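Here the structure comes first, spelled out in structure tokens, and everything after it is commentary.
Predicted model, so just to flag it, every value in this text is computed and none were measured. We use all heavy atoms of the structure for the numbers below, so side chains are in, but hydrogens, waters and symmetry mates are not.
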Amino acid sequence: MREIEFRGKRIDNGQFVYGGFYQWDDKSYIIQKDFWDKNLLLAHMVEVIPETVGEYTGLKDKNGVKIFEGDIVQTRNLDGETNNYEVLFKTETGRFMAENPNEIYDVIASHFPNTEVVGTIHDNPELLKEAAR
């Protein structure tokens, strides 16, 4: 079974926080697992920007970095050419996909050992524009 984890950018400083996801009315929170105390039933919840919340895919890149929704990954084909893709969850298919303006592929079926996280759509949207050239 894969690890369930989310991340989102804090509303107060824009830094990513990791843990469980909780939504109440129109606000989104990450419950930081490092601050969870089951004995006291306490949790540290941080309000995050809803559009930045992404789920962990269960995959890691070639450097051992976890791949989340919203990440931009770079792949290298056999000819040495690189391509950048945004990682998305497609509700229509129930799968994580990677897409750029030119193509789309199944993240799990197409996860190659040379894939690397190079940024996020929230911090580096220009990395996808490079793929459109």
Side-chain angles (χ1 to χ4, degrees):
M1 182 188 278
R2 75 177 174 86
E3 177 183 1
I4 305 298
E5 183 178 15
F6 292 84
R7 72 166 182 203
K9 286 184 151 236
R10 299 173 61 116
I11 61 164
D12 58 356
N13 66 13
Q15 298 296 309
F16 276 112
V17 289
Y18 299 82
F21 176 62
Y22 180 73
Q23 194 165 23
W24 180 261
D25 291 328
D26 62 343
K27 295 188 178 188
S28 297
Y29 301 90
I30 295 293
I31 303 169
Q32 292 183 281
K33 62 183 177 184
D34 295 341
F35 298 100
W36 182 275
D37 187 331
K38 293 178 185 172
N39 296 326
L40 298 175
L41 298 175
L42 295 174
H44 186 253
M45 294 184 3
V46 178
E47 189 174 354
V48 295
I49 303 165
E51 298 78 29
T52 67
V53 174
E55 187 175 358
Y56 174 46
T57 64
L59 301 171
K60 294 181 180 178
D61 75 358
K62 70 180 187 179
N63 301 313
V65 175
K66 290 180 176 181
I67 301 174
F68 284 83
E69 277 181 277
D71 276 340
I72 296 175
V73 295
Q74 185 173 82
T75 62
R76 184 176 307 276
N77 66 23
L78 296 175
D79 296 329
E81 297 172 344
T82 59
N83 291 302
N84 293 349
Y85 301 89
E86 178 184 359
V87 177
L88 305 163
F89 184 80
K90 296 290 193 174
T91 54
E92 310 84 46
T93 59
R95 301 180 74 77
F96 287 102
M97 305 297 280
E99 67 180 29
N100 66 29
N102 302 318
E103 58 188 325
I104 185 168
Y105 72 89
D106 183 318
V107 172
I108 294 170
S110 304
H111 186 252
F112 303 115
N114 59 359
T115 299
E116 180 176 20
V117 174
V118 293
T120 75
I121 193 64
H122 314 292
D123 296 328
N124 317 96
E126 70 278 1
L127 292 175
L128 281 184
K129 291 178 184 162
E130 292 174 12
R133 292 184 202 159

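- Once rounded to the nearest 0.5 Å, the distance linking OG1 of T52 with CD of E69 reads 11.0 Å.
- Heavy atoms only, all atoms of each residue included: Y56 and E3 are closest at CD2-O, 3.5 Å.
- Here the CD1 atom belonging to I30 is positioned 13.0 Å from the OH atom belonging to Y22, to the nearest 0.5 angstrom.
- Taking 4.5 Å as the limit, some side-chain heavy atom of I72 sits within range of a side-chain heavy atom of L128.
- Atom CD in E81 sits 10.0 Å away from atom OG1 in T75 (nearest 0.5 Å).
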Under the side chain to side chain contact (heavy atoms under 4.5 Å, CB included) rule, what do V117 and K60 come out as? Steps first, then yes or no, please. CA-CA 9 Å; V117 174; K60 294 181 180 178; over 6 Å; no
If you apply the rule side chain to side chain contact (heavy atoms under 4.5 Å, CB included), what do you find for D61 with V73, and how did you get there? CA-CA 8 Å; D61 75 358; V73 295; 5.9 Å; no
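- A centroid separation of 6.0 Å or more is found between the aromatic rings of F68 and F16.
- I104 CD1 to M97 CE: the interatomic distance, rounded to the nearest 0.5 Å, is 4.0 Å.
- N124 places no side-chain N or O within 3.5 Å of a backbone atom of G119 that could act as its donor or acceptor partner.
- Counting heavy atoms from C-beta outward, N83 and E103 have side chains that approach closer than 4.5 Å.
- Between the side chain of N63 and the main chain of V65, no donor-acceptor pair closer than 3.5 Å is present.
- Distance check: M45 CE to K27 NZ gives 10.0 Å after rounding to the nearest 0.5 Å.
- A heavy-atom distance below 4.5 Å is not found between the side chains of I49 and H122.
- No donor-acceptor pair closer than 3.5 Å links the side chain of Q32 to the backbone N or O of G19.
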Go through the steps for T120 and R7 under the test side chain to side chain contact (heavy atoms under 4.5 Å, CB included), then give the verdict. CA-CA 12 Å; T120 75; R7 72 166 182 203; 3.6 Å; yes
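- Side-chain atoms of N13 come within 3.5 Å of backbone atoms of Q15 as a donor-acceptor pair (strictly under, hydrogens ignored).
- The two atoms that bring V87 and T57 nearest to each other are CG1-CG2, 3.8 Å, heavy atoms only.
- Rounded to the nearest 0.5 angstrom, I121 CD1 and L88 CG are separated by 8.5 Å.
- Salt bridge status for K66 with D71: absent, with no side-chain N to carboxylate O gap under 4.0 Å.
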Show your working on side chain to side chain contact (heavy atoms under 4.5 Å, CB included) between I67 and F96 and close with a plain yes or no. CA-CA 10 Å; I67 301 174; F96 287 102; over 6 Å; no
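- Q23 and S28 get closest at one heavy-atom pair: NE2-OG, 3.6 Å.
- Between Y105 and Y85, the two ring planes are perpendicular [angle over 60°; tilted spans 30° to 60°].
- Within the 3.5 Å criterion, the main-chain N or O of Q74 finds no donor-acceptor partner in the side chain of T82.
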